[in-house]
Amino acid sequence: MGDEKLVVSSGVWPTIKPFVNGGAAGMLATCIIQPIDMIKVRIQLGQGSAAHVTKQMLKNDGIRAFYKGLSAGLLRQATYTTTRLGCFRILTNKAIESNDGKPLPLYQKALCGLTAGAIGATIGSPADLALIRMQADATVPAAQRRNYTNAFQALYRITADEGILSLWKGAGPTVVRAMALNMGMLASYDQCIEFFGDNGFSEVSTVVGASSVSGFFAAACSLPVDYVKTQIQKMQPDAQGKYPYSGSLDCVVKTFKAGGPLKFYDGFPVYCLRIAPHVMMTWIFLSQIKKLEESMGL
């Protein structure tokens, strides 16, 4: 008990607390949202509507198809979400201190969200690459499948076969997506918390309402970049060893020529349904974790 008090009073726990809480909340949310994420990825890979994709997944592989890549999804949350939510809270707390304790204007929250998203995505990019490849594996012929057994084996094989820097393949779009998503998600959430709180909403209504708004803006801001990122990360060379896209910009140009600006929003309803519930559950879990810690005196 004395050791616990020493850790808390020394400042170690307050420093790591936002990171631990954010990662735990994100991992819990991922366990629930994984099936919707699988459907979203397959829609982006051109396999049809949500209903068709769901029917084919059940027919070919059963329920387990919806949880393929879960280990990579959890690893992604343990790296990416732990970092972005922890950094965002640290950054906003520092900014509030510099602002003499006054609430931050929206643009400062947005800047904090952009920065936290970039840091988190850089650290979480290898796990994100493993997740995309594991989810996309079942969409290609058996001879072309990578057949990763879990996230750690995927990271090992990518490093051994393609070099350690390949773990950050597609990191550019990943970072840009994270910056867009976190700008929409984190800034709007904090802004809504203040608005609902100032207007007498209950705690539950405030969390649910703010989470819903932040989920929508996170999806709207990030889907175009997410689409490009997915195309880059899942591409494989043809028989001549040539990749379909030379880079992110080339993917943007070819996609725009093929389907116009709305092509980047393929699967938006499912993507929004995936992002918004994950955002809501993350904030709700985070709120409950904080309450539990308060009851324990942490």
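For clarity, every value in this text was computed on a predicted model and none was experimentally measured.
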Hey, mind stepping through Cys112 and Lys94 against side chain to side chain contact (heavy atoms under 4.5 Å, CB included) and telling me if it holds?
CA-CA 10 Å; Cys112 289; Lys94 292 293 185 183; over 6 Å; no
Of all heavy-atom pairs between Ile158 and Leu129, which one has the smallest distance, and what is that distance?
CD1-CD2, 4.0 Å
Determine yes or no for a side-chain-to-main-chain donor-acceptor pair under 3.5 angstrom, with Lys254 supplying the side chain and Pro244 the backbone.
yes
Donor-acceptor contact present, side-chain Tyr265 to main-chain Ala220, <3.5 Å:
yes
Does some side-chain heavy atom of Ser188 sit less than 4.5 Å from a side-chain heavy atom of Lys109?
no
Passing candidate, side chain to side chain contact (heavy atoms under 4.5 Å, CB included) with Leu75, options Leu155, Thr30, Leu70:
Leu155
Do Arg133 and Arg145 have side chains that approach each other closer than 4.5 Å (heavy atoms only, starting at C-beta)?
no
Same cluster for Val204 and Phe201 if Ile/Leu/Val/Met/Phe/Trp/Tyr side chains link at under 4.5 Å?
no
Got a donor-acceptor contact below 3.5 angstrom from the Thr92 side chain to the Phe88 backbone?
yes
Could you pull out the closest heavy-atom pair between Cys87 and Phe19, with the gap in Å?
N-CE2, 3.6 Å
Do Ile33 and Met281 make a side-chain contact, defined as non-hydrogen atoms from C-beta onward lying under 4.5 Å apart?
yes
Is there a path of hydrophobic side-chain contacts, each under 4.5 Å between heavy atoms of I, L, V, M, F, W or Y residues, that connects Leu106 with Phe216?
no
Give a yes-or-no answer on whether the side chains of Ser211 and Ser214 include a donor-acceptor pair shorter than 3.5 Å.
no
Please say whether more than 12 non-hydrogen atoms of neighbouring residues, nucleotides or ligands are located less than 6.0 Å from CD1 in Ile164.
no
Side chains of Asn182 and Thr115: does their closest heavy-atom pair fall under 4.5 Å?
no
Assess the residue pair Thr282 and Gln77 against the criterion (side chain to side chain contact (heavy atoms under 4.5 Å, CB included)); give the C-alpha distance rounded to whole Å, side-chain angles, the decisive distance to 0.1 Å, and a yes or no.
CA-CA 11 Å; Thr282 298; Gln77 294 300 316; 5.7 Å; no
Between the OG1 atom in Thr81 and the CG atom in Leu74, the distance rounded to the nearest 0.5 Å is 10.5 Å
ILVMFWY cluster, Ile36 and Tyr67 together (side-chain gap under 4.5 Å):
yes
How long is the span from the SG atom in Cys31 to the CE atom in Met27, to the nearest 0.5 Å?
7.0 Å
Gly113 versus Leu186, closest heavy-atom pair with distance
CA-CD1, 4.2 Å
Using modelled atom types and a 3.5 Å cut-off, is there a donor and acceptor pairing between side-chain atoms of Thr255 and backbone atoms of Val252?
no
Can you tell me if Glu293 and Asn21 form a side-chain donor-acceptor pair at under 3.5 Å?
yes
Any Thr82 side-chain heavy atom under 4.5 Å of Val20 side chain
no
How many angstroms lie between atom CG of Leu114 and atom CE of Met183, to the nearest 0.5 angstrom?
5.5 Å
Given the rule in the side chain to side chain contact (heavy atoms under 4.5 Å, CB included) test, do Phe66 and Leu58 qualify, once you have shown the distances and angles that lead to the verdict?
CA-CA 8 Å; Phe66 295 95; Leu58 286 171; 3.3 Å; yes
Over all heavy atoms of both residues, which pair between Gly184 and Phe217 is shortest? Give the atoms and the distance, please.
O-CB, 3.9 Å
Is there a side-chain contact between Arg84 and Ile119 in this structure, where contact means two heavy atoms from C-beta onward sitting under 4.5 Å apart?
no
Using distance alone, with no hydrogens and no angle criterion, decide if Ser222 and Tyr271 have a side-chain donor and acceptor under 3.5 Å apart.
yes
Taking Leu104 as the starting point, is it possible to reach Tyr107 by hopping between hydrophobic residues whose side chains are less than 4.5 Å apart?
no
Please check if atom OH in Tyr148 has more than 12 non-hydrogen atoms from other residues, nucleotides or ligands closer than 6.0 Å.
yes
Just do the side chain to side chain contact (heavy atoms under 4.5 Å, CB included) check on Met134 and Thr149 with the steps written out, would you?
CA-CA 9 Å; Met134 291 177 73; Thr149 56; over 6 Å; no
Do the rings of Tyr189 and Trp283 sit parallel, tilted or perpendicular, given the 30° and 60° boundaries?
parallel
Are Phe285 and Ile32 close enough that some pair of their side-chain heavy atoms sits under 4.5 Å apart?
yes
Distance from Phe268 atom CZ to Leu262 atom CG, nearest 0.5 Å?
11.5 Å
Does the side chain of Trp13 come within less than 4.5 Å of Leu298's, by heavy atoms?
yes
Nearest heavy-atom approach of Pro18 to Ile90 is CG-CD1, 4.3 Å
ILVMFWY cluster, Leu28 and Met38 together (side-chain gap under 4.5 Å)
yes
Keeping the roles fixed (side chain from Arg157, backbone from Arg146), state whether a donor-acceptor pair exists under 3.5 Å.
yes
Between the CG atom in Leu131 and the OH atom in Tyr80, the distance rounded to the nearest 0.5 Å is 12.5 Å
Minimal non-hydrogen separation, Leu181 against Ala218, with atom names:
O-CB, 3.8 Å
Give a yes or no answer on whether the side chain of Asn60 reaches the backbone of Gln56 with a donor-acceptor pair at less than 3.5 Å.
yes
Within a reach of under 6.0 Å around OH of Tyr245, are more than 12 heavy atoms found that belong to other residues, nucleotides or ligands?
yes
Rounded to the nearest 0.5 Å, the CD1 atom of Ile289 sits from the CD1 atom of Ile284 at a distance of 12.0 Å
Looking only at atom types and distance, does a side-chain atom of Asp100 sit under 3.5 Å from a main-chain N or O of Lys102, one as donor and one as acceptor?
no
Assess whether salt bridge (Lys or Arg N to Asp or Glu O under 4.0 Å) is satisfied between Lys169 and Asp128, documenting all intermediate values.
CA-CA 10 Å; Lys169 182 178 289 185; Asp128 192 57; over 6 Å; no
